[in-house]
*Asks:* 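Sharing a structure below in structure tokens format, with a few things to ask.
Values reported hereafter were calculated over all heavy atoms of this structure, with side chains retained and with hydrogens, waters and symmetry mates removed. First the proteins, then the strands, lettered A, B, ... as listed; each starts at 1. From a predicted model like this one, the values you see are computed outputs, not experimental measurements.
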2 protein chains.
Amino acid sequence: MTESLDSERMACWRAYIESSQRLFTQLEDDLRTDSELTFADYHVLVLLSEAPGQRLRMGELAGRLVFSPSRLTYQISSMQKRGLVARQSCPEDRRGSEAVLTAAGLLALREAAPHHLRSVRTHLMDDLDDAEVACLTRVFERLGRRLRADRDASSTPADK
Amino acid sequence: MTESLDSERMACWRAYIESSQRLFTQLEDDLRTDSELTFADYHVLVLLSEAPGQRLRMGELAGRLVFSPSRLTYQISSMQKRGLVARQSCPEDRRGSEAVLTAAGLLALREAAPHHLRSVRTHLMDDLDDAEVACLTRVFERLGRRLRADRDASSTPADK
DNA sequence: GTGGTGACGTTGAAATCTGAATAGAAAGGG
DNA sequence: CCCTTTCTATTCAGATTTCAACGTCACCAC
């Protein structure tokens, strides 16, 4: 029956979409200005740097980045050419492969991080008070949990 | 000096990024499932349908969609081929052109809208209480204003 | 073990997106 | 008027992304 949003929620939705798009564009531009990395590159480096052994399976990485498998293949190939990561075939499962952070990759991350974090602060975080931060965290962590659950449910053909 | 985010803001930032990415992907998938439109197509149709004369200048459209000029040119060409919009050269300014909504475009929008709005509700809005909606609206409208202002400032070489 | 089934990544072709360069037209002096 | 500058949108080449089809291997039941 209700196939629409009330006007407050519609305004909320629109502000969220437009501002997010604008923010991501801006961060991407900033990152390119003061490093040789894209936002995707940066994110890959962060995830690898935090992983045990500074390595992750392709599938795991794709899941966290919200990338399609083929997109990740391309992304890692690109970073491999630039020496930021290496590819190794997985010992336990010979179908799989893993991306490993290189010394150059870690260095690139260390150089880019201060600029990027400053960018995140000036464009977004500095303008939020603690209550707003708490609210956003609550909302988006809940959303993330739900969307991950939906995805897992739909990939499992445990229908019905 | 502070070139990092405190841990709460970092968690907030990460949840926001990941969940947003996931949400946009999900909405895109839903839209494709029950219509022939992409999210960008849909957004163009919405903006045109609300514009006086159901037409907008390319630049205006690009600004609102947060698209680069060349991306918009491509987007509109694609929609033109599918009959969703038409292109007309602008009477007042012969450099410019405008995109006009067609009957088929309006129809496509009307058919897709209920599904898309349901999708937005089930994946996001239904889970938010009124206070959260108010918080998000406040935050993202403020962010949007600031980012638009930054963009305008940097395009104007009125440097000091 | 053997065959079927599914999971993990990759590949190739086509669609889309970006950034620099460009054509065409308006605007503002001089 | 003429010239220079700026604005609008498009074009082109190249980079990225998607989608579907594969190749390889693991897993499970027989």
Side-chain angles (χ1 to χ4, degrees), chain A residues 21 24-33 36-44 55-82 85-100 151-152 154-159, chain B residues 21 24-26 28-29 31-33 36-44 55-82 85-100 151-152 155-158:
Chain A
Q21 217 84 52
F24 296 154
T25 302
Q26 183 64 59
L27 292 177
E28 188 81 55
D29 289 350
D30 288 354
L31 210 40
R32 277 190 209 248
T33 298
E36 301 290 288
L37 302 175
T38 65
F39 191 72
D41 294 335
Y42 182 87
H43 207 340
V44 168
R55 66 184 55 233
L56 282 173
R57 288 288 296 267
M58 296 300 273
E60 177 66 20
L61 205 43
R64 295 207 210 173
L65 290 166
V66 197
F67 270 28
S68 67
S70 54
R71 183 179 180 185
L72 184 63
T73 293
Y74 182 89
Q75 173 71 39
I76 294 299
S77 299
S78 155
M79 295 179 74
Q80 192 178 20
K81 280 179 199 152
R82 287 175 289 157
V85 301
R87 238 199 199 87
Q88 292 182 0
S89 72
C90 187
E92 312 91 41
D93 184 342
R94 287 192 305 170
R95 287 170 303 181
S97 61
E98 38 189 32
V100 191
R151 177 203 52 183
D152 296 345
S154 71
S155 69
T156 304
D159 285 354
Chain B
Q21 217 83 51
F24 297 154
T25 303
Q26 183 65 59
E28 188 77 57
D29 289 349
L31 208 41
R32 277 191 209 247
T33 298
E36 302 290 288
L37 303 175
T38 65
F39 191 71
D41 294 335
Y42 182 86
H43 207 341
V44 168
R55 67 185 55 233
L56 282 173
R57 288 288 295 267
M58 296 300 273
E60 177 66 20
L61 205 42
R64 296 207 208 171
L65 289 167
V66 197
F67 271 28
S68 66
S70 54
R71 182 178 181 186
L72 185 63
T73 293
Y74 182 88
Q75 173 73 39
I76 294 298
S77 299
S78 156
M79 295 179 73
Q80 192 178 21
K81 281 180 198 149
R82 287 176 289 156
V85 302
R87 238 200 200 87
Q88 291 183 1
S89 73
C90 187
E92 311 93 41
D93 184 341
R94 287 194 305 171
R95 286 172 301 184
S97 62
E98 37 190 32
V100 190
R151 178 202 51 183
D152 295 345
S155 69
T156 303

*Asks:* When you measure from the side-chain N and O atoms of B:Arg87 to the phosphate of D:dT10, is any distance below 4.0 Å, counting only OP1 and OP2?
*Replies:* yes

*Asks:* Taking DNA chain C as the partner, which of residues 88-97 of chain B come within under 4.0 angstrom of it by heavy atom?
*Replies:* B:Asp93, B:Arg94, B:Arg95

*Asks:* On the nucleotide D:dT16, are OP1 or OP2 found under 4.0 Å from the side-chain N or O atoms that A:Tyr74 carries?
*Replies:* yes

*Asks:* Taking the nucleotide of DNA chain D with the nearest heavy atom to each, does B:Glu98 or A:Thr38 sit closer to the 5' end?
*Replies:* B:Glu98

*Asks:* Does B:Leu56 reach the side chain of B:Arg64, with side-chain heavy atoms less than 4.5 Å apart?
*Replies:* yes

*Asks:* Should the side chain of B:Ser68 and the base of C:dC17 be counted as holding a donor-acceptor pair, with the cut-off at 3.5 Å?
*Replies:* no

*Asks:* Report the distance from atom CG of B:Leu37 to atom P of C:dA15, rounded to the nearest whole Å.
*Replies:* 18 Å

*Asks:* Which whole-number value in Å describes the distance from A:Glu28 CD to D:dT17 C1'?
*Replies:* 14 Å

*Asks:* Distance check needed: D:dT10 P versus B:Arg57 CZ, whole Å only.
*Replies:* 10 Å

*Asks:* Can you tell me the distance, in whole Å, between the CZ atom of B:Phe39 and the P atom of D:dT17?
*Replies:* 18 Å

*Asks:* Find the distance A:Arg71:CZ to C:dT10:P and express it as a whole number of Å.
*Replies:* 16 Å

*Asks:* Report yes or no: does A:Ser78 contribute a side-chain atom to a donor-acceptor pair with the main-chain N or O of A:Tyr74 at less than 3.5 Å?
*Replies:* no

*Asks:* If each of A:Asp29 and A:Glu60 is mapped to the nucleotide of DNA chain C with the nearest heavy atom, which maps nearer the 5' terminus, i.e. the 5' end?
*Replies:* A:Glu60

*Asks:* So which nucleotide from D:dT17, D:dA20, D:dT10 ends up closest to the side chain of A:Ser70?
*Replies:* D:dA20

*Asks:* From CZ of B:Phe24 over to P of D:dT17, roughly how many Å is that when rounded to an integer?
*Replies:* 16 Å

*Asks:* Please report the distance, rounded to the nearest Å, between CZ in A:Arg82 and P in D:dA15.
*Replies:* 12 Å

*Asks:* Whole-Å distance between C:dT16 C1' and B:Leu65 CG?
*Replies:* 15 Å

*Asks:* Can you find a pair of side-chain heavy atoms, one from A:Gln75 and one from A:Leu61, that are under 4.5 Å apart?
*Replies:* no

*Asks:* Could you tell me which non-hydrogen atom of B:Arg95 sits nearest to which non-hydrogen atom of B:Asp93, and how far apart they are?
*Replies:* NH2-OD2, 2.8 Å

*Asks:* Which is true for B:Thr73 with a 4.0 Å heavy-atom rule: it touches a base, it touches only sugar-phosphate, or it touches nothing?
*Replies:* base

*Asks:* Flag the pair A:Glu98 / A:Glu60 as yes when at least one side-chain heavy-atom distance between them is below 4.5 Å, and no otherwise.
*Replies:* no

*Asks:* Do B:Thr38 and B:His43 have side-chain heavy atoms sitting under 4.5 Å apart?
*Replies:* no

*Asks:* Looking only at side-chain N and O atoms, does A:Arg32 come under 4.0 Å of OP1 or OP2 in C:dT18?
*Replies:* no

*Asks:* If only side-chain N and O atoms count, and only distance matters, is there a donor-acceptor pair under 3.5 Å linking A:Thr33 with A:Asp30?
*Replies:* no

